Amino acid sequence: MQNFSPVNKCVVMLMGLSLTLSVFALESDRQQKITLSGDGCISKLNLGQTECPKGMLIRQGSLKIESDYGLITHEGKLIATVKMTGSPVTMEQQMDDGSRMVIRANQIDFDYQSEIAFLKGDVRIENNIGVSTGEAMEFNLKTQEVKAVGENNQQFRLEIDPNND
């Protein structure tokens with residue numbers, strides 16, 4: 001990112017963030033503008049990171065992610081990881097069928113290269129199928145697969161209520 005002013009570097013970094021977060025988004029949401037906001041966020045361009053120690057809010061179309069803390073690392077113009085912690089971190093999005101998906105976890109780590117979100121601590125995923133809970137889960141955004149991960153025979157629970165419309 002040579003020959004860029006600090007403002008231009010920040011714009012390039014946020015454009016890279018938009019590419020990362022669009023993986024979370026619905027197809028219709030991917031065309032929407034992404035906004036990242038938070039009190040006291042600091043872009044450390046020489047370290048390749050943006051930190052929001054007082055919380056971070058990300059919006060894109062119907063996608064909304066809120067955390068108490070956010071850290072984005074980037075390599076050049078590309079986002080490498082997004083780490084969010086909270087009590088809990090909350091991610092909400094409208095699905096193609098009109099239903100809502102809500103994910104809550106104490107920590108969400110997203111790896112851009114693998115397109116995998118690692119959900120840790122009191123994980124709860126609510127969608128039109130039911131409610132999935134566990135202590136640690138891996139959400140593969142390419143395949144839309146969710147699996148329990150961790151040591152000691154990690155427990156995964158899925159509740160399906162046939163009377164819940």
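What you see is a predicted model, and the numbers here were worked out from it, not measured in a lab. Each residue takes its place number in the sequence, starting with 1.
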Got [X] and [Y] here, is their nearest side-chain heavy-atom distance under 4.5 Å?
X: Met101; Y: Met91; answer: yes
X: Gln93; Y: Lys64; answer: no
X: Val131; Y: Arg124; answer: yes

**Message:** Going by the rule salt bridge (charged side-chain N to carboxylate O under 4.0 Å, His left out), which residues pair with Lys83 if we only count those two or more places apart in sequence or in a different chain?
**Reply:**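 Applying salt bridge (charged side-chain N to carboxylate O under 4.0 Å, His left out) to Lys83 gives none.
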**Request:** Please name all residues satisfying salt bridge (charged side-chain N to carboxylate O under 4.0 Å, His left out) with Asp122, sequence neighbours left out, ordered by chain then number.
**Result:**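 For Asp122 there are no salt bridge (charged side-chain N to carboxylate O under 4.0 Å, His left out) partners, ignoring immediate neighbours.
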Which atom names give the shortest non-hydrogen contact between [X] and [Y], and what distance separates them?
X: Ser87; Y: Asp68; answer: N-OD2, 3.0 Å
X: Gly40; Y: Pro53; answer: O-CD, 3.5 Å
X: Ala117; Y: Ile108; answer: CB-CG2, 4.4 Å
X: Ala105; Y: Val123; answer: CB-CG2, 4.0 Å

[atom1] of [X] to [atom2] of [Y]: how many Å apart, nearest 0.5 Å?
X: Ile125; Y: Met137; atom1: CD1; atom2: CE; answer: 5.0 Å
X: Cys41; Y: Met56; atom1: SG; atom2: CE; answer: 7.5 Å
X: Leu57; Y: Ile65; atom1: CG; atom2: CD1; answer: 9.0 Å
X: Asp39; Y: Cys52; atom1: CG; atom2: SG; answer: 9.5 Å
X: Leu47; Y: His74; atom1: CG; atom2: NE2; answer: 9.0 Å

For [X], what residues pass the side-chain hydrogen bond (donor to acceptor under 3.5 Å, both in side chains) criterion, not counting sequence neighbours?
X: Thr90; answer: none
X: Asn106; answer: none
X: Asp111; answer: Ser114
X: Arg104; answer: Glu126

**Message:** Quick check on side chain to side chain contact (heavy atoms under 4.5 Å, CB included): which of Ile72, Ile42, Thr81, Leu71 does Gln49 satisfy it with?
**Reply:**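 Checked Ile72, Ile42, Thr81, Leu71 against Gln49; only one passes side chain to side chain contact (heavy atoms under 4.5 Å, CB included): Leu71.
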**Prompt:** Taking NZ, NE, NH1 and NH2 as the nitrogens, is one of them in Glu92 or Arg100 under 4.0 Å from a carboxylate oxygen of the other?
**Reply:** yes
**Message:** Checking side-chain polar atoms at under 3.5 Å, does Glu138 have a donor or acceptor matched by the opposite partner on Asn140?
**Reply:**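 No pair is found: no donor N or O on one side chain lies under 3.5 Å from an acceptor on the other.
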**Prompt:** Is a side-chain N or O of Ser43 found less than 3.5 angstrom from the main chain of Leu45, in a donor-acceptor match?
**Reply:**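 Here the side-chain-to-backbone pair does not exist.
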**Message:** For residues 46-61, which residue pairs pass the salt bridge (charged side-chain N to carboxylate O under 4.0 Å, His left out) check, not counting sequence neighbours?
**Reply:**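 Salt bridge (charged side-chain N to carboxylate O under 4.0 Å, His left out) check on residues 46-61 returns Lys44-Glu51.
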**Complete:** For Phe118, the other hydrophobic cluster members (4.5 Å side-chain criterion, sorted by chain and number) are Ile116
